[in-house]
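Throughout, protein chains are lettered first and strands after them, A, B, ... in sequence-line order, and every chain is numbered starting at 1.
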Protein chains: 2
Amino acid sequence: MDWLNHLPLFSLGCILNDMMNKHDMNHGSHSIGRLIFQLQRLERNPRTFGEAGTLTPSEIHAVDAIGEDGNVLMSQLAERLGVTKGAITQVIRRLEKKGIVFRGEHPEDSRAVLISLTDRGKTAYQAHLKLHQQFYQQLQEQLSPHEITIFEKCIKIFTGLLAEKNE
Amino acid sequence: MDWLNHLPLFSLGCILNDMMNKHDMNHGSHSIGRLIFQLQRLERNPRTFGEAGTLTPSEIHAVDAIGEDGNVLMSQLAERLGVTKGAITQVIRRLEKKGIVFRGEHPEDSRAVLISLTDRGKTAYQAHLKLHQQFYQQLQEQLSPHEITIFEKCIKIFTGLLAEKNE
DNA sequence: CCTATATAGTTTAGATACTATACTTTTTGT
DNA sequence: ACAAAAAGTATAGTATCTAAACTATATAGG
């Protein structure tokens, strides 16, 4: 749902609409457009995660990247989330104020900061995870293993092409 | 590769990572994470579209929604792009300054504004379209019609589930 | 041992993109 | 005729990110 926070039909939606059009005008021409539209809408707004309160998309995103084990460096977070260290500093500051994460010392490097989830943060993590699992279960009910295999392959090819464009 | 385990995704990436993991631990567990990563990067930066110059993602998005035929109401654009009218006012103002679009009068409603692409705007539209087509062609070379059919089905189911969550 | 360079993280200003709200003007329905 | 709806604008605020300059610590080579 996060993918397309900012993913307008800049390229993808239209690309796949083209693909679907040529493949089968009647059935799938607008599938991707609708998908993107729904994805955009779903993740535009903050959400409540259990008793941890309301988190913005980038906040829960960070919580997810920290994980229950925690002890993650700021720079590791930056790499996992694909943003600059400055961006991480900002989101961690907000999460610290909300009591979702805390900063710990690194035993061997005094420059470093090790980020972990508080108990409150872990409830947010769990609430988020539960959403995933529910969604996954519903998806499982409607897709066969064979279909998942194909889906996966398509996604891989797609990603490879995107990566080329991005480089 | 550890970073992929906690990828940046609010929900979707992880959901599908879960799906892929259960389906086949070795092959596809991280496909979706990578896809999302690439998509995010793709949508972050402005790009150059032919001689029309550099456009931000939301700008080319608007150009795409206006289309070569143009004569689109502000409120129609808002609906197509899934944003408020206020947001449209802002992006159209920027595009007008850049000489990409112009405002025309509505013949029967003096409140209304009909947006169309200038010649310059049309070159941006065409450059964008060409990118789609190239992408589509590359995709076609690597996917069979059967695979596209499955892909389409998976996407539809996915969208249906998302729409439920959204409503 | 020193010093140059790399690394960890922060700060700040500015860009982008969106919303919500209040507003003007015009159209429409009863 | 007049209230309500609709088209669009303006503005202030929120969220997110980057780039660049900065501090402080670590490390590697002479």
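- Position along DNA chain D of the nearest nucleotide to A/R94 versus B/R93 favours B/R93 as the more 5'-ward residue.
- Atom NE2 of B/H61 and atom P of C/dT16 are 17 Å apart (whole Å).
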Practice task
Between protein and nucleotides 19-29 of chain D, map the contacts as a letter string: B base, S sugar-phosphate only, - none, heavy atoms under 4.0 Å, written 5' to 3'.
Solution key: -----BBS---
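- A donor-acceptor pair under 3.5 Å is absent between the side-chain atoms of A/T123 and the main chain of A/E51, judged by distance alone.
- In this structure, B/K85 places its NZ atom 15 Å from P of C/dA22, rounding to the nearest Å.
- Hydrophobic side-chain contacts under 4.5 Å tie B/F102 to no other Ile, Leu, Val, Met, Phe, Trp or Tyr residue.
- Checking C/dG9, D/dC17, D/dT9 against every side-chain atom of A/V83, the shortest atom distance belongs to D/dC17.
- In terms of the side-chain hydrogen bond (donor to acceptor under 3.5 Å, both in side chains) criterion, residue partners of A/R103 (sequence neighbours excluded) are, by chain and number, A/E96.
- For the atom pair CG of A/L95 and OG of A/S58, the computed distance is 7.5 Å after rounding to the nearest 0.5 Å.
- Ring orientation note: the planes of A/F151 and B/F151 are tilted relative to one another, at an angle of 30° to 60°.
- Atom CD1 in B/I88 sits about 8 Å away from atom P in C/dC18, given to the nearest Å.
- Between A/I92 atom CD1 and C/dG9 atom P the separation is 11 Å, expressed in whole Å.
- Taking CG of B/L55 as the reference point, atom CZ of B/R94 lies at 10.0 Å (rounded to 0.5 Å).
- Residue A/S58 places at least one side-chain N or O under 4.0 Å from the OP1 or OP2 atom of D/dT16.
- Between A/L81 atom CG and D/dT18 atom C1' the separation is 15 Å, expressed in whole Å.
- Here the P atom of nucleotide C/dT10 and the CG atom of A/L77 are 11 Å apart, to the nearest Å.
- Note that CD1 of B/I115 and CG of B/L77 are 6.5 Å apart. Values are rounded to the nearest 0.5 Å.
- Rounded to whole angstrom, the span from the CZ atom of A/R47 across to the C1' atom of D/dA15 amounts to 17 Å.
- Less than 4.0 Å separates DNA chain C from no heavy atom of any residue of residues 68-76 of chain B.
- For B/T84, there are no side-chain hydrogen bond (donor to acceptor under 3.5 Å, both in side chains) partners two or more places apart in sequence or in a different chain.
- Residues meeting the salt bridge (charged side-chain N to carboxylate O under 4.0 Å, His left out) test with A/R93, sequence neighbours left out: none.
- Here D/dG8 presents its P atom at 9 Å from CZ of B/R103, a figure rounded to the nearest Å.
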